[in-house]
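These notes concern the structure reproduced below.
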Amino acid sequence: QVQFVESGGGLVQSGGSLRLSCVAAGFSPDFYAIGWFRQGPGKEREEVACISSRDSQTLNNEVHYTDSVKGRFTISRDDAKNTVFLQMDPLKPEDTGRYYCAAGFYLADCVRSFEMDYWGEGTLVTVSA
């Protein structure tokens with residue numbers, strides 16, 4: 001089956017940290033922009049962070065974070081391992097939710113959650129006060 005497999009979630013106290021992993025199964029994500037999304041209790045799914053594919057000239061990746069996680073979360077990718085990471089530190093109770101990965105062609109599409117594909121089952125993050 002072609003999709004992402006997320007892991008690394010758990011129960012943590014406010015101020016703690018978690019590192020989420022997202023592994024591509026059945027396809028190579030090298031040329032896709034990849035995003036982390038979350039859905040909290042009673043909330044709509046939202047973009048958390050997105051990372052572009054590597055620029056062929058600069059060899060850099062562009063990243064985007066939703067305002068509420070800027071300065072606390074870091075997205076990164078290891079294309080050799082078909083894996084995208086989300087380092088979350090410090091966590092707040094409002095970060096509670098199920099976290100998902102998905103891929104799109106462009107960073108702008110990822111930011112808008114537009115035509116994203118290969119959604120995984122997600123990993124649950126619970127932050128206690």
Side-chain angles (χ1 to χ4, degrees):
Q1 192 170 0
V2 180
Q3 65 177 107
F4 284 109
V5 179
E6 302 92 342
S7 64
L11 173 62
V12 64
Q13 288 187 334
S14 181
S17 64
L18 285 173
R19 189 192 196 206
L20 306 184
S21 298
C22 169
V23 180
F27 74 106
S28 174
D30 293 16
F31 301 106
Y32 290 95
I34 299 172
W36 282 99
F37 302 83
R38 68 186 177 192
Q39 186 165 19
K43 299 180 181 179
E44 293 188 355
R45 189 173 62 197
E46 63 174 346
E47 178 242 0
V48 176
C50 291
I51 186 166
S52 70
S53 59
R54 178 169 292 187
D55 186 281
S56 60
Q57 294 189 336
T58 67
L59 303 184
N60 292 327
N61 303 97
E62 287 186 72
V63 296
H64 178 272
Y65 299 96
T66 195
D67 287 345
S68 63
V69 308
K70 285 180 180 177
R72 299 189 297 121
F73 290 10
T74 302
I75 188 171
S76 61
R77 62 191 293 166
D78 183 342
D79 288 336
K81 297 181 179 179
N82 290 346
T83 303
V84 177
F85 303 98
L86 185 69
Q87 180 69 42
M88 307 185 293
D89 185 9
L91 282 159
K92 301 178 180 181
E94 52 263 43
D95 295 319
T96 293
R98 181 166 289 275
Y99 284 67
Y100 302 86
C101 274
F105 287 112
Y106 304 107
L107 185 68
D109 290 344
C110 181
V111 172
R112 297 183 296 149
S113 301
F114 178 71
E115 293 189 343
M116 300 298 289
D117 207 347
Y118 306 127
W119 293 92
E121 298 294 322
T123 185
L124 185 61
V125 172
T126 304
V127 185
S128 63

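Residue numbers run from 1 in the order of the sequence given. Bear in mind the structure is a predicted one, so any value in this text is a computation, not a measurement.
With rounding to the nearest 0.5 angstrom, the CD1 atom of I51 is 9.0 Å from the CG atom of L107. Atom CE of residue M88 and atom OG1 of residue T74 lie 11.0 Å apart, to the nearest 0.5 angstrom. The distance from the OG atom of S21 to the NZ atom of K81 is 9.5 Å, given to the nearest 0.5 Å. A distance of 7.0 Å separates OG in S28 from CG in D79, rounded to the nearest 0.5 Å.
Between H64 and E47, the shortest heavy-atom distance links the atoms ND1-OE2, 2.9 Å. The two residues A102 and F4 come nearest to each other via the heavy atoms C-CE1, 3.6 Å. In this structure, S17 and Q87 approach most closely via the heavy-atom pair CB-NE2, 4.2 Å. The heavy-atom pair separating R77 from V84 by the smallest distance is CB-CG2, 3.9 Å.
Looking at C110 and F37, their side chains come closer than 4.5 Å, going by heavy atoms from C-beta outward. Taking 4.5 Å as the limit, every side-chain heavy atom of W36 sits out of range of all side-chain heavy atoms of F73. By the 4.5 Å heavy-atom criterion applied to side chains, D95 and R38 are counted as neighbours.
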I'd like a table of donor-acceptor pairs (distance under 3.5 Å, sequence neighbours excluded) in which one partner is a side-chain atom from residues 120-128, with atom names and distances.
unit_1 : atom_1 : unit_2 : atom_2 : d
T123   : OG1    : G9     : N      : 3.0

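In terms of modelled atom types and a separation under 3.5 Å, the side chain of S52 and the main chain of E62 share a donor-acceptor contact. Side chain of Y65 to main chain of I75: a donor-acceptor pair is present (N/O by atom type, distance under 3.5 Å, no hydrogens or angles). With E6 contributing its side chain and C101 its backbone, the two residues share a donor-acceptor pair below 3.5 Å. A donor-acceptor contact shorter than 3.5 Å links the side chain of R72 to the backbone of P90.
Linking ILVMFWY residues whenever their side-chain heavy atoms come closer than 4.5 Å, directly or via other members, leaves Y32 and V111 in distinct clusters. Residues Y118 and Y99 are members of one and the same hydrophobic cluster, defined by side-chain heavy-atom contacts under 4.5 angstrom among Ile, Leu, Val, Met, Phe, Trp and Tyr. At a threshold of 4.5 Å between side-chain heavy atoms, the hydrophobic network of Ile, Leu, Val, Met, Phe, Trp and Tyr places V69 and L86 in one connected group. Residues Y106 and I34 are members of one and the same hydrophobic cluster, defined by side-chain heavy-atom contacts under 4.5 angstrom among Ile, Leu, Val, Met, Phe, Trp and Tyr. Residues L20 and V63 fall within the same hydrophobic cluster, defined by Ile, Leu, Val, Met, Phe, Trp and Tyr side chains chained together at heavy-atom separations under 4.5 Å.
Note: W119 and Y100 have perpendicular aromatic rings, judged against thresholds of 30 and 60 degrees for the angle between ring planes.
Residue Q13 places its CD atom among 12 or fewer non-hydrogen atoms of other residues, nucleotides or ligands, all under 6.0 Å distant. Heavy atoms of other residues, nucleotides or ligands lying less than 6.0 angstrom from CD of E46 number more than 12. Other residues, nucleotides and ligands contribute over 12 non-hydrogen atoms within 6.0 Å of the CZ atom of F85.
The existence of a salt bridge linking K70 and D67 is confirmed by a sub-4.0 Å separation between a basic side-chain nitrogen and an acidic carboxylate oxygen.
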